[in-house]
Amino acid sequence: MNLLQNASNKPFVITVASTKGGSAKSTNAANIGAFCAEHGLKTLLIDTDIQPTLSSYYPLDYQAPGGTYEFLHFRDVEPSHIISKTKIQNLDLIQSNDPSNKISPMLRDSPDGALRFSLLLSKIEGYDLIIVDTRGTRDISVDMSVLAADVLFCPILPHILSAKEFIRGTIGMYHDLQTFADFGFTLPPLKAVINCVDHTNDVKFVSEQLHILFKTEFDESKTLLDFTVPDKVAYREAATFSVPVYQQSRSEYKTIQQLCSLLMPQFAHNHFVDKE
Ligand SMILES: Nc1ncnc2c1ncn2[C@@H]1O[C@H](COP(=O)(O)OP(=O)(O)O)[C@@H](O)[C@H]1O
Ligand SMILES: [Mg+2]
């Protein structure tokens with residue numbers, strides 16, 4: 001939404017959201033974050049989920065004493081107090097440190113609740129890219145993360161119950177947030193990607209139905225990318241060993257490279273060229 005949308009030094013913000021747990025949000029945030037960082041983009045991951053999967057995905061070189069709680073509560077904090085450094089070059093992290101869920105009620109009680117995050121992000125300096133991971137249920141922390149984004153990336157699992165929840169929950173949230181348009185804000189374009197795709201007929205059927213839905217029911221602000229992330233044990237193994245999946249094999253490299261290029265075409269030419 002981008003209060004400073006046209007400022008040239010403003011980092012590009014991707015929010016990964018879907019109102020469904022287990023739909024590969026954190027996995028995607030970790031992999032695209034590392035890929036962008038290793039390809040020269042100074043990248044900051046922000047974990048806003050109270051279950052801090054992304055916060056512990058990669059080993060750290062420096063662990064900041066604070067995290068999202070201090071970032072959102074105290075507003076003016078020293079970057080080194082809240083920004084941790086991963087062992088991956090160029091990849092920093094604001095860890096989620098809100099296990100007892102204090103941030104959401106605090107934001108709900110604040111007049112600037114859903115908008116504070118946008119303002120705080122616009123004050124962060126020194127990054128090309130910010131990737132925000134969110135929790136898998138509708139919450140003010142997800143609303144604020146969508147409102148602060150330049151692009152909303154929604155991973156969808158190709159199973160009928162997940163697809164129905166996507167339509168009810170994630171699309172419902174997006175429509176609710178349109179109310180901010182009355183105050184002059186523009187919602188980020190929604191880019192959905194089907195994840196964990198195997199070769200079963202059920203997955204094929206649900207994927208086709210999703211494509212039809214996007215073409216016939218949704219306007220151009222919402223796109224289902226003509227690209228899928230396969231269901232592969234490599235993704236779970238990479239998480240087990242705390243490494244990016246694209247380091248596992250050439251085919252995973254190609255998948256993450258293509259995903260990053262589709263989500264951030266503005267960086268593709270200069271940054272996402274083959275390293276191998
Ligand atoms: N492409 C994939 N293939 C196989 N397993 C995957 C893939 N992407 C994610 N996973 C696994 O799915 C599970 C849920 O992923 P996660 O990223 O934690 O979801 P979320 O953040 O949406 O709750 C994890 O065990 C993860 O390793
Ligand atoms: Mg997660």
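Note that the coordinates shown come from a computational prediction; the quantities given were computed from them, not determined experimentally. Both ligands and their constituent atoms are indexed starting at 1 by order of listing.
- Classification of Lys87 and Asp61 as a salt-bridged pair holds, one side-chain N sitting under 4.0 Å from a carboxylate O.
- The residues Asp274 and Arg250 are annotated as salt-bridged, a charged nitrogen and a carboxylate oxygen being separated by less than 4.0 angstrom.
- Less than 4.0 angstrom separates some heavy atom of Asp231 from each of these atoms of ligand 1: 3 (N), 4 (C).
- Every atom of ligand 1 with a heavy atom of Thr27 under 4.0 Å away is listed here by number and element: 8 (N), 9 (C), 15 (O), 16 (P), 17 (O), 26 (C).
- Listed by atom number, the atoms of ligand 1 under 4.0 Å from Val229 heavy atoms are 1 (N).
- At least one donor-acceptor pair closer than 3.5 Å links the side chain of Lys25 to the backbone N or O of Lys20.
- Relative orientation of the Phe180 and Phe185 rings is tilted, given thresholds of 30° and 60° on the angle between their planes.
- Under the 30°/60° scheme for interplanar angles, the aromatic rings of His39 and Phe35 are found to lie parallel.
- Among the backbone and side-chain atoms of Thr53, no N/O/S atom is found under 2.8 Å from the Mg ion (ligand 2).
- Which parts of ligand 1 touch Ser23 is read off a 4.0 Å heavy-atom cut-off, strictly below it: atoms 19 (O), 20 (P), 22 (O).
- Summary of contacts: the protein heavy atom closest to atom 3 (N) of ligand 1 is Lys232 N, 3.0 Å.
- Atoms of ligand 1 lying under 4.0 Å from at least one heavy atom of Cys196, given by number and element, are 1 (N), 2 (C), 6 (C), 7 (C), 8 (N).
- Between Lys102 and Asp98, no side-chain nitrogen of the basic residue sits less than 4.0 Å from a carboxylate oxygen of the acidic one, so the salt-bridge criterion is not met.
- Nearest-residue assignment for atom 11 (C) of ligand 1 (options Glu237, Lys25, Arg236; heavy-atom criterion): Arg236.
- The proximity of Pro155 to ligand 1, defined as any non-hydrogen pair under 4.0 Å, does not occur for either the backbone or the side chain.
- Between Phe214 and Phe166, the two ring planes are parallel [angle under 30°; tilted spans 30° to 60°].
- Atom 26 (C) of ligand 1 lies below 4.0 Å from at least one non-hydrogen atom of the protein.
- Here the shortest heavy-atom distance to atom 1 (N) of ligand 1, taken over Ala24, Pro230, Ala29, belongs to Pro230.
- Ranked by closest heavy atom to atom 14 (C) of ligand 1, the top entry among Ala239, Gly21, Gly22 is Gly22.
- Side-chain contact of Thr134 with Thr48: a donor-acceptor pair under 3.5 Å is absent, judged by distance alone.
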